[in-house]
Enquirer: 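Below is one structure. I have some questions about it.
Every value quoted in this text rests on a predicted model; they were computed, and no experiment measured them. Hydrogens, waters and symmetry mates are skipped; everything else that's a heavy atom, side chains included, is used. Proteins get letters first, then strands, A, B, ... in listed order; numbering begins at 1 in each.
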Amino acid sequence: MSKTNGHEIPRVGFYVCHCGHNIAGAIDVDAVAKYVATLPGVVVSRDYKYMCSDPGQELIEQDIKDHQLNRIVVASCSPLLHEHTFRNATEKGGLNPYFFQMVNIRENVSWVNDNKAEATEKAKDLARAAVRRVIHHRSLEPKKVEIHPDVLILGGGIAGIHAALTLANAGKKVYLVEREATIGGHMAKFDKTFPTLDCAACILTPKMSDVKNHPNITLWTYSEVTNVEGFVGNYTVTVKRKPRYVIEELCVGCMECIDACIYKEGKYPDEFNVGLSKRKPIYIPFPQATPQVVVIDRETCIDFKSGKCKKTCIESCDRDAIDLKQQEKIEQIRVGTVILATGYQIFDAHRVPYYGYGKFPNVYTSLEVERLVNASGPTGGELILRDGARPKTVGIIHCVGSRDKNTNRWCSRTCCMYALKLAHLLKEHTDAEVYNFYIDIRAAGKTYEEFYDKLLDENIHFIRGRVAEVTNWAARPSEEGKLVIRVEDTMIGIVRRIPVDMVVLAVGMEPKSDAQEVRRLFNISCSTEGFFLERHPKLAPVDTFTDGIFIAGTCQGPKDIPDSVAQAGAAAAQALMLIDSGSIELEPNTAHVVQEECSGCKSCLTICPYHALSRDEVKQKATINEALCKGCGTCVAACPSGAIKQNLFEDEEIFSEIDGMLDLQLVGTNKG
Amino acid sequence: MSHQPEKPTNGWEPRIIAFFCNWCTYTAADLAGVSRLKHASNIRIIRLMCSGRLDPQFILEAFAKGADGVLIGGCHPGDCHYIEGNYKALRRFRMLKRLLHEMGIEDERLRLEWISASEGEKVRSVVNDMVAKIKALGPLALPSKIASWDEEIAGNQELALEKEEAQHA
């Protein structure tokens with residue numbers, strides 16, 4: 001550790017990074033370096049092509065030794081990106097890593113300012129502020145916290161399942177919490193998967209039962225997280241386990257009770273078949289549901305509605321597994337890390353009324369068609385339309401709720417490929433004429449383009465153009481009784497009317513409607529469109545800005561199954577890295593009370609959201625429990641005597657930054 | 001303040017000090033950068049962990065040292081990384097607004113905006129809008145005002161002394 005302290009004569013080393021052309025193209029880096037060299041306390045001032053490269057970092061290390069530097073300032077990219085890198089270089093040079101200050105002249109200057117002279121002036125101001133600030137920095141020790149080895153995974157779709165199995169196989173204890181009565185997510189509803197056409201259930205259900213049987217996995221379905229407290233390594237999570245009115249440990253999934261229900265036929269929309277079939281109030285979501293446990297829906301069960309049911313279900317169960325008085329259970333668990341794999345929801349096709357969904361019975365969403373062509377689906381895999389007919393012509397409309405400034409601007413990435421897959425399956429099932437209406441075909445992925453080529457040989461039609469509307473208005477006799485797709489065929493530049501029996505809307509992927517609530521619960525951010533925000537789009541795609549919280553799968557953005565699985569593996573590896581290293585170093589930005597200056601006024605006590613502040617009744621002074629302090633600095637700003645200090649954000653540091661930016665030539669200030 | 005005449009600026013450019021919280025607004029400013037959303041270069045950002053750290057003295061210091069405007073950026077209500085630091089910032093902001101008003105500092109010179117990590121576009125529009133408004137107001141020039149107030153006080157004291165001397169004579 002360094003022997004320097006705040007009273008020593010400052011010897012500042014300043015480095016401005018070119019970042020190739022990213023900075024040097026918009027800022028006169030040479031002028032900045034020359035200017036900073038004239039500032040009091042600056043001993044070395046250089047510009048260099050890539051400061052984050054090894055030679056760039058070695059430059060700092062060498063200069064510290066050669067010029068006895070005791071403070072380092074680097075003007076480059078955002079501190080959120082490379083502050084850690086340069087702190088390490090500072091430490092390697094023999095200084096305490098916190099004798100470093102970073103100046104953001106890329107994101108905050110060169111990338112947002114066109115005028116080189118203005119950008120250079122701004123960079124100089126920011127550099128001067130940092131040089132003045134760093135002089136006040138102190139030697140600090142990072143806060144070390146232990147990592148609890150257990151992991152919470154939220155969401156039991158393919159991403160959550162894969163992450164859970166990866167961690168469990170590595171010997172870690174995993175809690176997998178799923179809101180629905182079964183795990184499996186969207187993938188369980190799919191028929192076949194592109195481009196290999198292997199059946200989704202065949203590849204998914206073995207993994208589902210592995211989850212159920214794994215000794216290291218605690219599976220809680222029909223459960224939701226209601227509260228999260230703590231910080232990386234030490235989260236306390238409250239899980240609400242909703243009553244399914246069937247005792248999970250006793251039920252063997254024989255389904256006798258379902259047969260015994262006083263409803264002889266299903267009466268309520270079956271969620272698993274996206275409403276294409278009916279279920280009873282007592283049901284099992286689908287044959288391979290995991291766990292194989294029946295669930296009673298209290299919204300539709302007669303006994304819950306009127307209390308006047310004969311309760312034939314209870315009679316039929318020889319294991320006494322049905323308990324209509326079951327209460328919700330609140331569990332509290334301690335985990336060190338969390339993986340969010342909460343998935344997506346499909347675009348609601350009602351939002352584009354001109355495509356007739358909900359108005360014309362034979363307009364379907366792609367997810368409905370997945371169930372329709374599935375052998376265990378509502379029609380046993382027979383393609384029978386809502387009006388009982390079998391389609392001879394089918395139109396598949398791409399980009400419904402994607403790439404559309406009226407709905408969602410983003411590309412949902414999977415629709416082109418699943419639309420091609422459905423086109424193939426529909427052709428196979430019905431030998432109908434199948435038309436695809438597309439803007440572009442995006443078949444980027446291993447063997448995806450080849451799959452597209454294959455379809456072109458299968459006599460499937462492709463019409464390039466965004467569909468204007470789906471109507472049942474017949475302009476000529478051949479259109480009678482048909483749905484007419486009106487589209488401008490941009491290949492030939494004319495408007496066409498294509499009569500079809502069935503329309504399939506290739507709906508896009510959206511963030512879950514409650515993604516914002518989940519985000520708040522776990523203290524992470526969402527990107528503009530509402531998917532969870534990753535720490536860095538390229539270099540930290542499964543991390544979030546909150547340490548110990550990782551994201552995987554479609555909750556982060558639209559992606560297909562292989563990408564979701566890859567991300568789940570990555571998230572599991574990130575969690576493993578934390579768990580196996582045993583501890584993590586946190587920013588030492590906590591606050592402390594300077595006892596001599598505290599007047600014991602109690603202003604700070606109520607302001608801390610973490611109850612880190614308390615009052616020593618004997619000394620009549622406030623104290624801060626460092627373990628609880630998260631370093632927001634709110635109490636520091638509230639203290640009327642200025643007795644609370646926040647490491648890394650001390651008053652002197654911020655005042656000198658303000659003064660440095662404005663550079664009013666006054667001698668001395670009464671602050672600090 | 002709406003009918004302020006265009007002040008002669010002769011090359012003057014406003015200087016705005018911005019205090020952005022680490023988790024939302026600073027990240028949004030980074031996003032504005034990554035998205036190359038060009039905006040006025042008059043803003044100088046200081047990163048705080050939370051808008052709750054914002055001591056009203058920081059703002060007064062900025063004005064006293066020559067800032068023409070101060071922008072505070074925090075997470076949207078309910079989104080604070082530290083639960084409720086942004087509400088504390090809001091309270092201090094409102095209190096300070098009244099004080100600044102008393103001091104004759106125009107309302108537009110202190111601004112609070114909730115900008116989430118995804119709102120890079122909002123960083124651009126807020127900065128541009130604020131710069132335009134402050135350009136219309138003209139320089140605040142508080143340091144020179146303070147200097148002239150000091151002179152005035154010193155002058156008054158001299159006058160008082162002279163009077164006292166005259167009485168004694």
Enquirer: For B:Arg98 and B:Arg94: C-alpha separation, side-chain torsions, deciding distance, then whether side-chain contact (heavy atoms from CB on, under 4.5 Å) applies.
Expert: CA-CA 7 Å; B:Arg98 276 157 57 186; B:Arg94 291 207 173 135; over 6 Å; no

Enquirer: What part of B:Ala89 is in contact with chain A, defined as an atom under 4.5 angstrom from a non-hydrogen atom: side chain, backbone, both or neither?
Expert: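 It is neither, since no heavy atom gets under 4.5 Å.
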
Enquirer: Mind checking the SG-CD spacing from A:Cys526 to A:Gln556? Nearest 0.5 Å is all I need.
Expert: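 Going from the SG atom of A:Cys526 to the CD atom of A:Gln556 covers 11.0 Å.
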
Enquirer: Is it the backbone or the side chain of B:Arg124 that comes under 4.5 Å from a heavy atom of chain A, or both, or neither?
Expert: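 When you check distances to chain A, no heavy atom of B:Arg124 falls under 4.5 Å.
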
Enquirer: Who wins among A:Asn115, A:Asn113, A:Val109, A:Asn589 for the most heavy-atom pairs under 4.5 Å with chain B?
Expert: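 Among the listed options, the one with the most contacts to chain B is A:Asn113.
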
Enquirer: Please identify, among A:Arg106, A:Glu529, A:Arg519, A:Glu121, the residue contributing the most non-hydrogen atom pairs under 4.5 Å to chain B.
Expert: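 Of the candidates given, the most pairs with chain B belong to A:Arg519.
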
Enquirer: Using only non-hydrogen atoms and a strict under-4.5 angstrom cutoff, which residues of residues 17-30 of chain B touch chain A?
Expert: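 Residues B:Ile17, B:Phe19, B:Asn22, B:Trp23, B:Tyr26, B:Thr27, B:Ala29, B:Asp30 are the ones that qualify, each having a heavy atom under 4.5 Å from chain A.
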
Enquirer: Considering only heavy atoms, which portion of B:Leu54 lies under 4.5 Å from any heavy atom of chain A: side chain, backbone, both, or neither?
Expert: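 The answer is the backbone of B:Leu54.
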
Enquirer: Identify whether the distance between the nearest side-chain nitrogen and carboxylate oxygen of A:Asp547 and A:Arg535 falls below 4.0 Å.
Expert: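 A:Arg535 and A:Asp547: salt-bridged.
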
Enquirer: For A:Ala591 and A:Ile644, which heavy atoms make the closest approach, and how far apart are they?
Expert: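 So the minimum-distance heavy-atom pair works out to CB-CG2, 3.9 Å.
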
Enquirer: Hey, is A:Arg87 close enough to A:Glu587 for a salt bridge, meaning N to O under 4.0 Å?
Expert: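 Salt bridge between A:Arg87 and A:Glu587, a charged N being under 4.0 Å from a carboxylate O: yes.
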
Enquirer: Could A:Lys122 and A:Glu118 be called an ion pair, given the rule that one side-chain N must be under 4.0 Å from one carboxylate O?
Expert: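 No, A:Lys122 and A:Glu118 are not salt-bridged.
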
Enquirer: Of all residues at least two apart in sequence or in a different chain, which pass the salt bridge (Lys or Arg N to Asp or Glu O under 4.0 Å) check with B:Arg44?
Expert: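 So B:Arg44 forms a salt bridge (Lys or Arg N to Asp or Glu O under 4.0 Å) with A:Asp125.
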
Enquirer: Among A:Pro609, A:Ala129, A:Pro537, which has the most heavy-atom pairs under 4.5 Å with chain B?
Expert: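 Highest number of pairs under 4.5 Å: A:Pro609.
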
Enquirer: Name the option with the most non-hydrogen atom pairs under 4.5 Å to chain A; the candidates are B:Ala67, B:Gly120, B:Ala32, B:Gly85.
Expert: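 The residue among B:Ala67, B:Gly120, B:Ala32, B:Gly85 with the greatest pair count is B:Ala67.
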
Enquirer: Is the CD atom of A:Glu229 crowded by more than 12 outside heavy atoms at less than 6.0 Å?
Expert: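 12 or below, so no.
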
Enquirer: Charged N to carboxylate O under 4.0 angstrom, B:Arg15 versus A:Asp663?
Expert: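 A:Asp663 and B:Arg15: not salt-bridged.
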
Enquirer: Measuring from A:Met102:CE to A:Cys17:SG, what's the distance to the nearest 0.5 Å?
Expert: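 Here the rounded value is 8.5 Å.
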
Enquirer: Taking side chain to side chain donor-acceptor pair (under 3.5 Å) as the test, write out the residues that go with A:Arg520, two or more places apart.
Expert: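 A:Arg520 satisfies side chain to side chain donor-acceptor pair (under 3.5 Å) with B:Asp79 once adjacent residues are dropped.
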
Enquirer: Please report the interatomic distance OG(A:Ser525) to CD(A:Glu534), rounded to the nearest 0.5 Å.
Expert: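 Spacing of OG (A:Ser525) from CD (A:Glu534) equals 10.5 Å.
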
Enquirer: Determine yes or no for a side-chain-to-main-chain donor-acceptor pair under 3.5 angstrom, with A:Thr120 supplying the side chain and A:Asp28 the backbone.
Expert: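 Yes.
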
Enquirer: Between B:Glu119, B:Glu121, B:His81, which shows the greatest number of heavy-atom pairs under 4.5 Å with chain A?
Expert: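 Option with the greatest count: B:His81.
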
Enquirer: Pull out the residues in residues 68-78 of chain B that come under 4.5 Å of chain A, heavy atom to heavy atom, sorted by number.
Expert: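 The list, in residue order, reads B:Pro77, B:Gly78.
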
Enquirer: Let me know if A:Ile658 has heavy atoms under 4.5 Å from chain B in its side chain, its backbone, both or neither.
Expert: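 For A:Ile658, backbone and side chain are both near chain B.
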
Enquirer: Measuring heavy-atom distances to chain A, does B:Ser41 have an atom under 4.5 Å in its side chain, in its backbone, in both, or in neither?
Expert: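 Answer is both: backbone and side chain atoms of B:Ser41 are under 4.5 Å from chain A.
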
Enquirer: Consider only side-chain N and O atoms of B:Ser118 and B:Ser116, and report whether a donor and an acceptor are under 3.5 Å apart.
Expert: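 There is such a pair (donor and acceptor under 3.5 Å, judged by atom type) between the side chains of B:Ser118 and B:Ser116.
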
Enquirer: Between A:Asn22, A:Leu81, A:Leu126, A:Ile607, which shows the greatest number of heavy-atom pairs under 4.5 Å with chain B?
Expert: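 The answer is A:Ile607.
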
Enquirer: Which bit of A:Ala638 is near chain B, if near means a heavy-atom gap under 4.5 Å: side chain, backbone, both or neither?
Expert: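 For A:Ala638, the contact with chain B is made by backbone and side chain together.
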
Enquirer: Considering only heavy atoms and a distance below 4.5 Å, find which of B:Asp55, B:Leu48, B:Ile46 pairs most often with chain A.
Expert: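 If we count pairs closer than 4.5 Å to chain A, B:Ile46 comes out on top.
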
Enquirer: Roughly how far, to the nearest 0.5 Å, is CD of A:Gln101 from CZ of A:Arg132?
Expert: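 So the gap between those two atoms works out to 14.0 Å.
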
Enquirer: Return the CG to NE2 distance between B:Asn128 and B:His39, rounded to the nearest 0.5 Å.
Expert: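 The distance works out to 7.5 Å.
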
